[in-house]
Amino acid sequence: MTTELSGIDITAVELRRIELPLVAPFQTSFGTWTFRDILLVRVHADGPNGPVEGWGECVAGTQPLYSSEYTSAAEDVTVEHLLPRLFAAGVRHADDVEAALAEVRGHRMAKAAIEAAVLDAELRAAGRSMAEHLGATVERVPVGVSIGILPTIEDLVSTAAGHLDEGYARVKVKIKPGWDVEPCRRLRAELGADFGLQVDANAAYGPGDIETLRALDQFDLLLIEQPYPEERIVDNVELAQAIRTPVCLDETIVDEAVCDDVLRLGAADVINIKPGRVGGHLAGKRIHDACVAAGVPVWHGGMLETGIGRAANLALAALPGFTLPGDISAAARYWARDIVTEPAVLEPDGTIRVPDGPGTGVEVDLDVLDAVTTSVHLHHPS
Ligand code: NPQ
Ligand code: MG
């Protein structure tokens, strides 16, 4: 990173579980979500100007359906394996978190939450915004919205129309076998050809479905996201050659090495970057830089975050290589009441303002937080 930060002395780490109801069920090819059970990491530390704290959000879901990680496992690995190493290494800088936790395999979403909390605290101590620290070049970012699978195509069309009226820059719809070609046909037939439309399969298809995937070419989609299972990289090379719609990878891109393989094989035309999936915002920035160098566009994905994760994501999404609207939607897309005092709102021009205060630039509403908290545990360096 550009500016050396003076660092912090971590005095304690709070692990908090919260349950937030979604404003509406969210159905994907891998399951339906009606609430989020989220692990939050709160770092208490001493900075050069006194005590500071930083927050980080773990994006793992209650069940290991999007990926192998899930909330209870993330809390367990954090308590049993990650915090002991963070404390033993005497980490004072966010830049040093990855190395301190590197010997633990996987668990990237859990690691990312710790790094985000340390980075938030370190930047608050330095009076510096995360956007500036990561290299943001814009103050507002264009955003899209992700629409789940709905009971009827009529519901889908009216929901999409509503979001376009709100000003969202593009619409993403979840697809699965049997809910793919017809929904896209109706969206185009009833809402027209000139709005940005993309689909996300969440790994629900295989090489045997190539005719169905090719049939989507007629709908002028921005991209098709993660058609095949996470580990199947080479099949994407053949798919990218067999269809016109750009292929985007999400679940597959778990770190820089895999991203590098994908770029060199030509297994993706576009990359979805999610800090939690790749182990942190710092790794997310490095993947951004690698994609920019390779001339491959990226956009910032979403994991139904609260205002804590959403603010950190906005900072990263403000980097120059994020040329496509992301899934960082307004808080109201998911929450009746967010846990930060100033939830992210959608501007009429389809953008969301990037917080510019110290750290993530958002404040946690402790009263709202306490009301949705299901457990709190404090851990101290021994
Ligand atoms: C995606 N996100 O792009 C994911 C899918 C997703 C906005 O579509 C809990 C944890 C619930 C992770 C629901 C969006 C989730 C989740 C959906 C991920 O593939
Ligand atoms: Mg996806």
Side-chain angles (χ1 to χ4, degrees), residues 17-40 57-75 108-110 112-113 143-150 156 159-160 163 168-176 179-180 197-205 221-230 236 246-254 268 270-278 284 298-306 308-310 313-314 317 324-335 344 352:
R17 294 281 286 273
I18 65 170
E19 276 196 15
L20 269 183
L22 289 168
V23 289
F26 189 70
Q27 183 182 340
T28 70
S29 61
F30 61 88
T32 299
W33 308 78
T34 56
F35 71 97
R36 285 285 270 121
D37 163 12
I38 295 170
L39 172 67
L40 296 176
E57 177 169 348
C58 178
V59 298
T62 313
Q63 303 177 66
L65 303 177
Y66 168 82
S67 75
S68 59
E69 292 192 72
Y70 59 102
T71 317
S72 296
E75 183 167 12
R108 294 181 179 90
M109 295 176 180
V143 298
V145 65
S146 178
I147 303 174
I149 294 164
L150 293 170
L156 178 65
T159 302
H163 286 314
Y168 277 106
R170 60 92 172 129
V171 164
K172 160 173 145 173
V173 298
K174 295 292 186 179
I175 60 171
K176 66 176 181 181
W179 179 274
D180 41 34
L197 176 62
Q198 61 191 64
V199 298
D200 187 354
N202 288 106
Y205 297 82
L221 301 176
L222 294 168
L223 58 89
I224 176 168
E225 185 180 343
Q226 200 67 41
Y228 296 159
E230 172 184 343
N236 285 293
V247 172
C248 172
L249 291 180
D250 171 356
E251 287 89 328
T252 291
I253 308 297
V254 294
V270 182
I271 298 288
N272 165 317
I273 294 181
K274 291 174 179 174
R277 191 193 64 221
V278 299
V298 303
W299 56 280
H300 201 298
M303 294 287 273
L304 288 59
E305 290 92 342
T306 75
I308 290 173
R310 199 168 299 277
N313 292 349
L314 285 165
L324 298 170
D327 271 350
I328 305 176
S329 309
R333 162 73 187 82
Y334 297 111
W335 320 120
I352 294 182

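First listed ligand is number 1; within each ligand, the first listed atom is number 1.
Under a 4.0 Å N-O distance rule, the pair D327/K274 does not qualify as a salt bridge.
Atom CD of E230 and atom OH of Y66 lie 8.0 Å apart (nearest 0.5 Å).
The Mg ion (ligand 2) has an N, O or S atom of D200 under 2.8 Å away, backbone or side chain.
No side-chain N or O of R36 forms a donor-acceptor pair with one of T71 less than 3.5 Å apart.
In this structure, the protein non-hydrogen atom closest to atom 17 (C) of ligand 1 is F26 CE2, 3.4 Å. Scanning the protein heavy atoms around atom 18 (C) of ligand 1, the nearest turns out to be M303 SD, 3.6 Å. Considering only non-hydrogen protein atoms, atom 6 (C) of ligand 1 sits nearest to F30 CZ, 3.7 Å. With respect to atom 5 (C) of ligand 1, the closest heavy atom belonging to the protein is K174 NZ, 3.4 Å. Counting only heavy atoms of the protein, atom 19 (O) of ligand 1 lies nearest to N202 ND2, 2.8 Å.
In E225, the N, O or S atom that comes nearest to the Mg ion (ligand 2) is OE2. Distances from the Mg ion (ligand 2) to each N, O or S atom of D250 single out OD2 as the nearest.
Each of the following atoms of ligand 1 lies closer than 4.0 Å to a heavy atom of V59: 10 (C).
In terms of polar-atom proximity, Y334 is not counted as a contact of ligand 1, lacking any N or O under 3.5 Å from an N or O of the ligand. Residue contacts with ligand 1: K172 is placed with a nitrogen or oxygen under 3.5 Å of a nitrogen or oxygen of the ligand (distance criterion only). Backbone and side-chain nitrogen or oxygen atoms of T28 are examined, and none is located within less than 3.5 angstrom of a nitrogen or oxygen of ligand 1.
With G302, A201, G301, S329 as candidates, the residue nearest to atom 14 (C) of ligand 1 on a non-hydrogen basis is G302.
For the pair R170 and L324, the minimum side-chain heavy-atom distance is 4.5 Å or more.
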